[in-house]
Amino acid sequence: MNQRTISKPVEVVGIGLHKGEPIKLRLEPLGGDAGIVFYREDLALSIPLTPSSVVDTQMATVIGSTKGTISTIEHFLSAIYAYGIDNLRVVVNGNEMPIMDGSASSFCLLLDEAGVEEQSSSKRVIRIKKTVEVRDGDK
């Protein structure tokens, strides 16, 4: 199974959930093994989508650093996962993703417009070999 990206750049403007401001979102294809990289255009800040980039999970998933963050990425990421996208540049001009219709479906429509392209690099997978459990009290 090979890695995937989008066929062409696409963009949309939506409203940010928390601040209610217009947010421009642009998706751009990336080459094999590049991963998912968020880019705050207003700060010229790249944020790779890695576990170490997660800075908060209270009320929304937030990635970034002391230089800047991007919040409310979870619905967008579910669309990326559903389409099997491995390599993508996600450009936003503010500190949050646009909320769109409150689900992943608007992001799916954007990905449909962009098209999906298979790349020559093999897909990387993680194999979980034993049970992993996280608890907090009775949760």
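When the options L77, V90, I23, L17 are evaluated for a side-chain contact (heavy atoms from CB on, under 4.5 Å) with M97, the one that passes is V90.
Of all heavy-atom pairs between P22 and N93, the closest is O-OD1, 4.3 Å. Taking each heavy atom of S53 and P48 in turn, the nearest pair found is OG-O, 2.7 Å. When every heavy atom of G64 is checked against every heavy atom of V55, the shortest pair comes out as O-CG1, 3.3 Å. Minimum interatomic distance between S121 and D33 (heavy atoms only, all atoms of both residues): OG-OD2, 3.9 Å. Heavy-atom minimum distance, P9 versus I6: CA-CD1, 4.4 Å.
Residues in residues 107-131 take part in these ring pair (Phe, Tyr, Trp, His ring centres under 6.0 Å) pairs, two or more places apart or across chains: F76-F107. Applying the ring pair (Phe, Tyr, Trp, His ring centres under 6.0 Å) rule to pairs touching residues 115-139 yields nothing, sequence neighbours excluded. Among pairs with a residue in residues 39-75, none fulfils ring pair (Phe, Tyr, Trp, His ring centres under 6.0 Å), at least two apart in sequence or across chains.
Under the 4.5 Å side-chain contact rule for hydrophobic residues, I15 and L25 do not share a cluster. Hydrophobic clustering (ILVMFWY, side-chain heavy atoms < 4.5 Å, transitive): V54 and F38 are in one cluster. Under a hydrophobic-cluster definition in which Ile, Leu, Val, Met, Phe, Trp and Tyr are linked whenever side-chain heavy atoms come within less than 4.5 Å, directly or via other members, L49 and V91 are assigned to different clusters.
Distance CG/L88 to OG1/T5: 5.5 Å, rounded to 0.5 Å. Once rounded to the nearest 0.5 Å, the distance linking CD1 of I63 with OG of S52 reads 10.5 Å.
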Legend entry - Residues L45, I70; criterion side-chain contact (heavy atoms from CB on, under 4.5 Å); working and verdict: CA-CA 10 Å; L45 175 65; I70 300 173; over 6 Å; no

Inset, instruction - Begin from the C-alpha positions of T69 and I47 and carry the test side-chain contact (heavy atoms from CB on, under 4.5 Å) through to its verdict. - result: CA-CA 8 Å; T69 60; I47 306 167; 5.9 Å; no

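Distance alone, capped at 3.5 Å, is enough to place a donor-acceptor pair between the D86 side chain and the R4 backbone. The backbone N or O of Q119 sits less than 3.5 Å from a side-chain atom of N2, completing a donor-acceptor pair. Judged purely by atom type and a 3.5 angstrom limit, E96 uses its side chain to pair as donor or acceptor with the backbone of K19. Formation of a donor-acceptor pair under 3.5 Å by the Q3 side chain with backbone atoms of S122 is found in this model. When atom types are taken as modelled, the side chain of N87 and the backbone of G35 share a donor-acceptor pair closer than 3.5 angstrom.
Looking only at side-chain heavy atoms (C-beta outward), H18 and S71 come within less than 4.5 Å of each other. Contact check for M100 versus V12: side-chain heavy atoms found under the 4.5 Å cut-off. Side-chain atoms of L111 and L27, non-hydrogen and from C-beta on, do get closer than 4.5 Å to each other.
Grouped by direct or indirect side-chain proximity (heavy atoms under 4.5 Å, Ile/Leu/Val/Met/Phe/Trp/Tyr only), L30 sits with V37. Listed by chain and number, the hydrophobic cluster partners of L109 come to none, as no ILVMFWY side chain reaches under 4.5 Å of it.
The salt bridge (charged side-chain N to carboxylate O under 4.0 Å, His left out) search around E28 returns R26, R89, not counting sequence neighbours.
E74 and T61 share a side-chain donor-acceptor pair at under 3.5 Å.
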